[in-house]
Trainee: 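Can you read through this structure? Questions will come right after.
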Amino acid sequence: MASARKKQEIIRRPFGPLTVEVPVIGQGTWMMGNARDRKEEVEALRAGIRLGMTHIDTAELYGSEEMIAEAIRDVPRSELFIVSKVLPQNASHAGTIRACEASLRRLGTEYLDVYLLHWRGRHPLAETLGALEALRQQGKIRALGVSNFDVGDLEEARGLLGGTPIACNQVLYHLTERFVDAELVDYCARHRIAVVGYSPFGHGRFPRPDSAGGRVLAAVAARHSVTPRHVALAFLVREPPRFTIPKAATAAHARENAAALTLHLDERDLTEIDAAFPVPRPTGALPVI
Ligand code: NAP
C-alpha cells in the first residue's frame with residue numbers, strides 16, 4: 001500500500017544549488033503566445049500547472065511572457081518556478097538589467113526564480129554575469145543560470161563568478177540527441193548545476209512508432225501501461241541533476257506530459273532505452289537548436 005502511494009508522488013529534486021525542490025518536468029513556451037491560439041495556450045499552461053508542472057520556461061525571445069502572465073494570474077507566486085532568459089545581443093550590463101525588468105513587467109511578477117543568458121554572444125561573459133549578480137542582489141532574480149554552455153564555458157563562468165553558484169545550464173537533450181550525457185551532465189552534477197534539457201520531443205520530431213527506437217519505447221510503455229512520450233520524459237529525468245521542459249500548446253498534451261511526473265523506470269527499461277538511443281562519442285561542439 002505504501003509503495004503504491006509512493007509511485008503516485010510527483011518526482012521533485014533540488015534545483016542545482018537551490019534549497020527549493022522543483023518538479024522534474026516543467027513547461028516550455030517557445031512558439032507560444034501568438035494572439036490566435038492564446039486561449040488554448042493559457043488553458044494548456046493552467047492544466048499543466050494544476051497537475052504539478054509548475055516550472056515555467058520562457059525568454060524575451062519567445063513572446064510568451066504576457067500569455068504566461070494571464071495563465072498564472074490566480075496561482076500563488078510561491079507555487080511557481082519561473083525562468084526567463086536574456087538574448088545575447090542585449091546582454092551588456094545595462095542591457096541585461098533592462099531586459100530582466102521588461103520580462104518582469106510582461107510576466108506581472110516581482111522576481112524570477114532563475115534568469116539565464118540564452119547563449120553566449122559578443123558581450124563579455126564577465127559583464128553579463130556581473131549584471132545577473134547585480135539583479136540577484138537586488139532581489140529581482142533568485143538565482144542566475146546559463147544556456148547552451150559546454151564544459152569549457154561553464155569552467156570560465158564559474159571562474160568569473162567566484163563563489164556565486166550557477167543554478168542551471170539549459171541544453172538540447174532528447175532521445176536522439178544525447179550529447180550532454182557524454183560528459184556535461186557529470187560535470188554539472190559535480191558542481192551542483194541543474195541540467196535542464198530542452199526540446200525533449202526533438203522539437204516535434206519524436207521517434208516514429210515504426211522505427212527501431214519507437215518499438216523499444218512502445219514495449220517499455222506497454223509494461224507500465226503508459227505512452228511512449230511518458231517513457232521518453234521519464235528517461236530524460238532518470239537521475240539528478242536532470243530536468244526537462246516539454247512544450248505543449250494544448251491541454252491534452254500538457255495532461256499527457258504531466259502524467260510522466262510520477263513514472264519511475266526500472267533497470268531493465270533504462271538498459272533497453274540506452275541501447276536503442278546510444279550516447280554519441282564526446283567529440284565536437286555542443287549541439288544547439
Ligand atoms: P519539444 O518540447 O521537444 O516539442 C514540442 C512539440 O511536441 C510541439 O509540436 C508539441 O505540440 C508536441 N507535443 C508536446 N507534448 C505532446 C504530447 N503529449 N503528444 C504529442 N505531441 C506533443 O520542443 P521545444 O519547444 O523546442 O522545446 C521545449 C522548450 O524548451 C521550449 O518551448 C523552450 O521553452 C525551451 N527551449 C530552449 C532553448 C534554449 O536555447 N535554451 C531552445 C529550444 C527550446 P503542441 O504544441 O501542439 O502541443
Side-chain angles (χ1 to χ4, degrees), residues 25-34 36-48 51 53 55-65 67-68 71 81-89 91 103 107 112 114-121 145-150 153 167-180 184 194-209 214 217-218 221 226-237 242-261 263 285-289:
I25 302 173
Q27 304 194 72
T29 63
W30 184 26
M31 298 182 161
M32 290 173 80
N34 64 73
R36 193 169 51 87
D37 302 320
R38 189 173 177 121
K39 194 161 176 278
E40 193 171 16
E41 292 176 351
V42 164
E43 282 314 312
L45 274 188
R46 285 183 180 161
L51 293 167
M53 295 194 297
H55 169 181
I56 312 290
D57 181 71
T58 184
E60 60 170 337
L61 171 72
Y62 299 166
S64 58
E65 290 173 324
M67 182 274 294
I68 293 170
F81 189 81
I82 304 179
V83 177
S84 191
K85 316 181 192 80
V86 58
L87 276 167
Q89 58 265 39
S103 284
L107 285 160
L112 295 170
V114 195
Y115 194 44
L116 318 184
L117 172 60
H118 209 145
W119 64 89
R120 283 192 77 164
V146 294
S147 178
N148 298 304
F149 270 37
D150 63 19
D153 295 323
C168 67
N169 184 20
Q170 194 178 113
V171 289
L172 180 63
Y173 184 45
H174 54 83
L175 289 175
T176 53
E177 185 44 87
R178 295 186 55 198
F179 182 96
V180 301
L184 188 71
V195 175
V196 179
Y198 69 70
S199 303
F201 296 142
H203 191 62
R205 288 190 315 280
F206 192 69
R208 291 166 50 99
L217 292 179
V226 298
T227 71
R229 284 181 192 262
H230 291 148
V231 172
L233 292 175
F235 181 79
L236 295 172
V237 297
R242 295 172 182 81
F243 293 81
T244 191
I245 45 169
K247 170 256 186 179
T250 68
H253 284 170
R255 279 194 288 272
E256 176 172 5
N257 300 342
L261 273 167
L263 177 60
L286 179 72
V288 297
I289 220 170

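If you're wondering where the values come from, they're calculated on a predicted model, not measured in any experiment. One-based numbering, in listed order, for ligands and for the atoms of each. Computed from heavy atoms alone, side chains included, the values below leave out hydrogens, waters and symmetry copies.
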Trainee: Mind checking the CD1-CG spacing from Ile25 to Leu51? Nearest 0.5 Å is all I need.
Mentor: 11.5 Å

Trainee: Hey, would you say the Phe235 and His230 ring centroids sit under 6.0 Å apart?
Mentor: no

Trainee: Tell me, which residues have any heavy atom less than 4.0 Å from some atom of ligand 1?
Mentor: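 Lining ligand 1 at under 4.0 Å, by heavy atoms, one finds Gly28, Thr29, Trp30, Asp57, Tyr62, Lys85, His118, Ser147, Asn148, Gln170, Tyr198, Ser199, Pro200, Phe201, Gly202, His203, Gly204, Arg229, Ile245, Pro246, Lys247, Ala248, Ala249, Thr250, His253, Glu256, Asn257, Ile289.
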
Trainee: Within 45° of the axis and under 6.0 Å from the centre of the six-membered ring of Tyr173, does NZ or CZ of Arg178 qualify?
Mentor: no

Trainee: Give the intermediate values and the outcome of side chain to side chain contact (heavy atoms under 4.5 Å, CB included) for residues Asn148 and Gln170.
Mentor: CA-CA 6 Å; Asn148 298 304; Gln170 194 178 113; over 6 Å; no

Trainee: Test side-chain hydrogen bond (donor to acceptor under 3.5 Å, both in side chains) on Glu65 and Ser103; report intermediate values, then the result.
Mentor: CA-CA 7 Å; Glu65 290 173 324; Ser103 284; 2.7 Å; yes

Trainee: Output yes when Glu43 and Arg46 qualify as a salt bridge under the 4.0 Å nitrogen-oxygen rule, no when they do not.
Mentor: yes

